[in-house]
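Below you'll find the structure, written out as structure tokens, and then a few comments.
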Number of protein chains: 2
Amino acid sequence: MDDAAPVPDDARRGAYPKGVARRKEILARAIEVFAEKGSERTSLRAIAEAIGISHAALLHYFSSREELLVEVLREREDRYRDVDAQRDPTEIVGIMHNAAHRNAAVPGLVSLYTTMLASSLESDKEYARDYFTTRFESVRHKLITRIEAGQAAGTVRTDLDARAVAALVIAASDGLQIQWLLDDSIDISKSLALLDRLLEV
Amino acid sequence: MDDAAPVPDDARRGAYPKGVARRKEILARAIEVFAEKGSERTSLRAIAEAIGISHAALLHYFSSREELLVEVLREREDRYRDVDAQRDPTEIVGIMHNAAHRNAAVPGLVSLYTTMLASSLESDKEYARDYFTTRFESVRHKLITRIEAGQAAGTVRTDLDARAVAALVIAASDGLQIQWLLDDSIDISKSLALLDRLLEV
DNA sequence: GTCTATAGGGCGATAGAC
DNA sequence: GTCTATCGCCCTATAGAC
């Protein structure tokens, strides 16, 4: 939160302090909107209307619809980074479980995540694809560290490849959320707790 | 494959024999096209062009773009139903593993599956949502039967809830495919084999 | 059964006034 | 910094000729 420097301290796209603040404000409002309305009506015009500005104003802060939607996901995830970091470093499924629990309150954001993930597979969606590949790689790494810590501490089976487990845990977490979005009788907690038990020594 | 009866023996949408044959032909061609090109350019116009007919002709056989894309997924899946049914009835992860192996050759179809799954979450996509909810429920059921058979045969841990395991296995399978689409260093087989081992007694 | 033509609309993005 | 206006595109779906 500097004041006069023209340096994009936000690490992204040349943005000046005032602009950065407004941008954050817009993102916060967008998160609220998506939490309620989900991946419905995600055109620039619809989002702008929901936020209460024009779609042209939206494009003043985000250079494209794709960038806006990705930044919504990033911002939302960043909010909980510190919370997760404070958890027991040998917990593995626990941190996904925690995220799933938070997400249960905002199916709209889970739906947006899924929609953007699918669209990132298209060749002209570089911005989204970069976000997801980087995100997956970083989450896998975080998990690998935890898995190895758990193995060293004797709470996790040592006959398992950490990277394969990490990919599996993320996959389970993402996949269960989708099944749950389609059928809320699916019990994400139950399946994740089960996976946790399977990994135990 | 009857001949003159106006009954939709295809179980769907009033279609007459000649029409059914042509419809299947179109679906087969569409599967080829998607296998190559994936979830790119999936507009009716683009699909029609790739197949070599007009988009209006396409709509003569499928009442909407949504229906066409769902039927592509259904047709493709139906092709392997018998193959799976013949496998050892106590195999669990094996049948997902098998599907994953088939899919590795056609990332385009996996990508289409993911895109349609995401879009089925939107409220105006009833046709797609019906397909996916029914499909998930039926795959879960198939797996539950296998899990219980495995438990009875003594090859699967008996301290696990079959439905929770089923949801987990499907989630893992779907989720790993997505990670693999974004990063082909992800080893689906390795993670699935690992899950298989975890379920063993 | 397949085509061409077109209706009819939403979209992302830009230009330029204030 | 935000707006209105508009461009130009692509889309789904339909109508009607052949």
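Each chain gets a letter, A, B and so on, in the order its sequence line appears, and its residues count up from 1.
Backbone-only engagement by A/L44 is indicated by non-hydrogen atom pairs under 4.0 Å involving sugar-phosphate atoms exclusively. Contacts of A/S54 with the nucleic acid, taken as non-hydrogen atoms under 4.0 Å apart, include base atoms.
Which of D/dC11, C/dC11, D/dC3 sits closest to the side chain of B/S43 comes down to D/dC11. Proximity note for A/A56 (side chain, C-beta onward) versus C/dA13, C/dT4, D/dT4: the nearest is D/dT4. Taking the side chain of A/R22 as heavy atoms from C-beta on, and the options C/dG12, D/dC11, D/dT2, the nearest nucleotide is D/dT2. Residue A/Y61 places its side chain closer to D/dT2 than to any other of C/dA13, D/dA13, D/dT2. Comparing C/dG12, D/dA13, D/dT2 against the side chain of A/R65 picks out C/dG12 as the nearest.
Atom pair A/R23:CZ and D/dG1:C1' shows a separation of 15 Å (rounding to whole Å applied). Residue B/F62 contributes atom CZ, which lies 12 Å from atom P of C/dT2 at whole-angstrom precision. Straight-line distance from the CD atom of A/E67 to the P atom of C/dG12: 14 Å, rounded to whole Å. Whole-Å rounding puts the A/E66 CD to C/dC11 P distance at 17 Å. Between the CG atom of B/L58 and the P atom of C/dG1 there is a distance of 15 Å, given to the nearest Å. With rounding to whole Å, B/E25 atom CD is found 9 Å from C/dT2 atom P. Rounded to an integer number of Å, the gap from B/D124 CG to C/dG10 P is 13 Å. Between A/H55 atom NE2 and C/dT14 atom C1' there is a gap of 9 Å when expressed in whole angstrom units.
In this structure, B/E148 has no side chain to side chain donor-acceptor pair (under 3.5 Å) partners at least two apart in sequence or on a different chain.
Neither side chain, A/R163 nor B/S191, offers a donor N or O lying under 3.5 Å from an acceptor on the other. Inspection of the B/Y113 and B/D174 side chains reveals an N or O donor paired with an N or O acceptor under 3.5 Å.
The structure places OG1 of B/T134 at 10.5 Å from CG of A/D183, a figure rounded to the nearest 0.5 Å.
Between the side chain of A/R45 and the base of C/dG12, a donor-acceptor pair under 3.5 Å is found.
Position along DNA chain D of the nearest nucleotide to B/A46 versus A/I26 favours A/I26 as the more 5'-ward residue.
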Under 3.5 Å, sequence neighbours excluded: what are the donor-acceptor pairs made by side chains of residues 192-201 of chain A?
unit_1	atom_1	unit_2	atom_2	d
A/R197	NH1	B/D159	O	3.2
A/R197	NH1	B/D159	OD2	3.4

